[in-house]
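Below is one structure, written out as structure tokens, with a few remarks after it.
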Amino acid sequence: MTSTVPAVTAAHPVIDIRGLWTVFHQAGVDIVVHKDLQLQVASGEMLSLVGGSGTGKTVLLRQILGLARPARGTVTVLGESAEQMGRQGASSRVGMLFQHGALYSAFTVLENIAFALRELKCLPDELIRDAALLKLQMVGLDVKHAHKMPSELSGGMIKRVALARALIMDPPLLLLDEPTAGLDPDSSDEFCALLRSLHRELGLTVVMVTHDLDTLFELSTRVAVLADQRVIVNAPPREVVAFAHPFIHHFFLGERGQRAMELLREYPFVV
């Protein structure tokens with residue numbers, strides 16, 4: 001049977017959001033979060049979503065996953081409607097790393113990683129175990145941690161286990177919500193290096209929400225800025241920093257931003 005899903009090309013990006021409106025109804029009042037938002041993400045990109053509080057960054061991730069439905073507009077992911085993909089279960093094509101890991105506290109590390117494969121109910125236990133162990137090692141953790149509980153892990157290890165779980169089905173698209181939040185500087189640098197390595201080795205397309213400027217400059221090929229209910233700019237980091245807008249000036253050129261820009265000037269090979 002021939003697939004009806006179009007190939008991902010320049011004409012068919014991995015993520016294609018057109019005319020998106022996000023509206024919440026509270027106390028009889030419509031609150032518009034996104035208004036006619038447009039966003040395209042090409043294959044192989046590492047795109048960072050940034051914006052102030054209330055600009056709907058995490059909501060947009062949920063819409064890409066098909067877990068939330070926009071009031072208007074279309075969200076197409078890997079050639080399919082995100083809403084339809086969400087109903088069918090997107091875990092085989094889209095991996096998601098939640099902000100605090102969101103590991104199942106009653107499951108071991110190995111059980112957490114293997115969860116999506118086990119839910120398929122069509123693979124032998126030995127194959128599931130081997131696949132989970134492979135992903136555990138892929139994210140830089142030793143097999144000796146396989147039978148630990150989440151409560152026994154450090155913050156950095158929780159992130160790595162959650163990343164292994166997100167990659168268990170070998171998805172071409174990975175979504176990250178604040179991937180380095182809560183990590184100390186050394187752990188954050190190590191996790192960024194891991195993400196960069198996996199992006200290159202697996203040919204992933206990555207979309208991440210982040211407030212951490214070091215992470216943003218270390219990883220992003222492009223940055224999409226949410227403000228004024230839309231994406232006001234979607235470009236490489238250096239071009240975004242030069243874009244005239246109050247939020248960008250505050251976010252990138254404040255004290256934190258100046259420190260990150262110093263790093264960018266010191267290491268010009270960074271995007």
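What you see below is based on every heavy atom in this structure, not just the backbone, and it leaves out hydrogens, waters and symmetry mates.
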| Can you tell me how far CD1 of Ile158 sits from CD of Glu152, rounded to the nearest 0.5 angstrom? | 11.0 Å
| With sequence neighbours excluded, what pairs up with Glu45 under the salt bridge (charged side-chain N to carboxylate O under 4.0 Å, His left out) test? | Arg222
| note | To the nearest 0.5 Å, atom NE2 of His211 lies from atom CD of Glu178 at 5.5 Å
| request: Check whether any side-chain heavy atom of Thr74 lies under 4.5 Å from a side-chain heavy atom of Ile17, and answer yes or no. | output: no
| message | Does any part of the side chain of Ile15, heavy atoms only, come nearer than 4.5 Å to the side chain of Thr76, both counted from C-beta? | response | no
| said: Looking at every heavy atom in both Ser220 and Ser48, which two are closest together, and how far apart are they? | reply: OG-OG, 2.6 Å
| message | Going by side-chain contact (heavy atoms from CB on, under 4.5 Å), name the residues that satisfy it together with Asp189, two or more places apart in sequence or in a different chain. | response | none
| message | When you measure from the side chain of Arg160 to the backbone of Val139, do you find a donor-acceptor pair of N or O atoms at a distance under 3.5 Å? | response | yes
| Does the side chain of Cys192 come within less than 4.5 Å of Thr180's, by heavy atoms? | yes
| query | Heavy atoms, side chains only, cut-off 4.5 Å: are Leu198 and Leu174 in contact? | reply | no
| said: According to a hydrophobic-cluster definition based on side-chain heavy atoms being under 4.5 Å apart (Ile, Leu, Val, Met, Phe, Trp, Tyr only), do Met149 and Leu153 belong together? | reply: no
| Sequence neighbours excluded, which residues qualify as side chain to side chain donor-acceptor pair (under 3.5 Å) partners of His245? | Asp228
| note | Heavy-atom closest pair (Thr221 atom, Pro237 atom, distance to 0.1 Å) is O-CD, 3.7 Å
| request: Scan side-chain atoms only and decide if Thr210 and Thr215 contain a donor-acceptor pair under the 3.5 Å cut-off. | output: no
| request: Kindly check if the number of other-residue, nucleotide or ligand heavy atoms within 6.0 Å of NZ (Lys148) is above 12? | output: yes
| Test item: Glu239 side-chain N/O and Pro236 main-chain N/O as donor-acceptor pair under 3.5 Å | no
| note | Value for CG (Leu183) from CG (Asp212), rounded to nearest 0.5 Å, stands at 9.0 Å
| How would you list, by chain and number, every residue that makes a salt bridge (charged side-chain N to carboxylate O under 4.0 Å, His left out) with Arg69, sequence neighbours excluded? | Glu83
| remark: side chain to side chain donor-acceptor pair (under 3.5 Å) filter on Asp130, not counting sequence neighbours, yields none
| field | Residue list, salt bridge (charged side-chain N to carboxylate O under 4.0 Å, His left out) with Arg118, at least two apart or on another chain | value | Asp125
| remark: Residue set satisfying side-chain contact (heavy atoms from CB on, under 4.5 Å) with Leu67, at least two apart, ordered chain then number -> Arg62, Leu65
| said: List the residues meeting side-chain contact (heavy atoms from CB on, under 4.5 Å) with Ser197, not counting sequence neighbours, and say none if there are none. | reply: Arg200, Glu201
| note | Taken in chain and number order and not counting sequence neighbours, the residues that satisfy side-chain contact (heavy atoms from CB on, under 4.5 Å) with Asp142 are Lys144, His145
| query | Rounded to the nearest 0.5 Å, what separation is found between the CZ atom of Arg129 and the CG atom of Leu117? | reply | 14.0 Å
| task | Determine the minimum heavy-atom distance between Ala42 and Val14, stating which atoms define it. | result | C-CG2, 4.1 Å
| Ignoring hydrogens and geometry, is there a side-chain-to-backbone donor-acceptor pair from Lys159 to Ser154 under 3.5 Å? | no
| task | Would you mind reporting whether Leu175 and Asp177 have side-chain heavy atoms less than 4.5 Å apart? | result | no
| query | Are Leu195 and Leu163 side-chain neighbours, meaning at least one heavy-atom pair lies under 4.5 Å? | reply | yes
| message | Check whether Gln137 reaches the backbone of Val143 with its side chain - one donor and one acceptor, N or O, closer than 3.5 Å. | response | no
| task | For Leu20 and Asp36, run side chain to side chain contact (heavy atoms under 4.5 Å, CB included): C-alpha distance rounded to whole Å, both residues' side-chain angles, the deciding distance at 0.1 Å, then the answer. | result | CA-CA 5 Å; Leu20 181 139; Asp36 200 27; over 6 Å; no
| field | Heavy-atom closest pair, residues Leu61 and Leu176 | value | CD1-O, 3.9 Å
Please tabulate, for the side chains in residues 105-115, all donor-acceptor contacts under 3.5 angstrom to protein atoms that are two or more places apart in sequence or on a different chain.
{"unit_1": "Thr108", "atom_1": "OG1", "unit_2": "Glu111", "atom_2": "N", "d": "3.1"}
{"unit_1": "Thr108", "atom_1": "OG1", "unit_2": "Glu111", "atom_2": "OE1", "d": "3.4"}
{"unit_1": "Glu111", "atom_1": "OE1", "unit_2": "Thr108", "atom_2": "N", "d": "2.8"}
{"unit_1": "Asn112", "atom_1": "OD1", "unit_2": "Tyr104", "atom_2": "N", "d": "2.7"}
{"unit_1": "Asn112", "atom_1": "OD1", "unit_2": "Arg165", "atom_2": "NH1", "d": "3.4"}
{"unit_1": "Asn112", "atom_1": "ND2", "unit_2": "Tyr104", "atom_2": "O", "d": "3.1"}
{"unit_1": "Asn112", "atom_1": "ND2", "unit_2": "Phe107", "atom_2": "O", "d": "3.3"}
{"unit_1": "Asn112", "atom_1": "ND2", "unit_2": "Thr108", "atom_2": "O", "d": "3.1"}

| message | Determine whether a donor-acceptor pair (N or O, by modelled atom type, separation under 3.5 Å) exists between the side chain of Ser187 and the backbone of Asp184. | response | no
| query | Are the side chains of Phe252 and Phe217 in touch, meaning some heavy atoms are under 4.5 Å apart? | reply | yes
Would you mind writing out the side-chain donor-acceptor pairs for residues 22-32 within the sub-3.5 Å range, not counting sequence neighbours?
{"unit_1": "Thr22", "atom_1": "OG1", "unit_2": "His34", "atom_2": "ND1", "d": "2.8"}
{"unit_1": "Thr22", "atom_1": "OG1", "unit_2": "Gln63", "atom_2": "NE2", "d": "2.9"}
{"unit_1": "His25", "atom_1": "ND1", "unit_2": "Asp30", "atom_2": "OD1", "d": "2.4"}

| query | To the nearest 0.5 Å, how far apart are CG in Leu133 and CG in Leu141? | reply | 11.5 Å
| task | Indicate yes or no: at least one non-hydrogen side-chain atom of Phe191 is less than 4.5 angstrom from one of Leu219. | result | no
| note | Here the gap from Glu119 atom CD to Met169 atom CE, rounded to the nearest 0.5 Å, amounts to 10.5 Å
| note | For Ala82 and Ile64, the nearest pair of non-hydrogen atoms, with its separation, is CB-O, 3.5 Å
| query | Under the ring pair (Phe, Tyr, Trp, His ring centres under 6.0 Å) test, which residues partner Phe247, sequence neighbours left out? | reply | Phe251
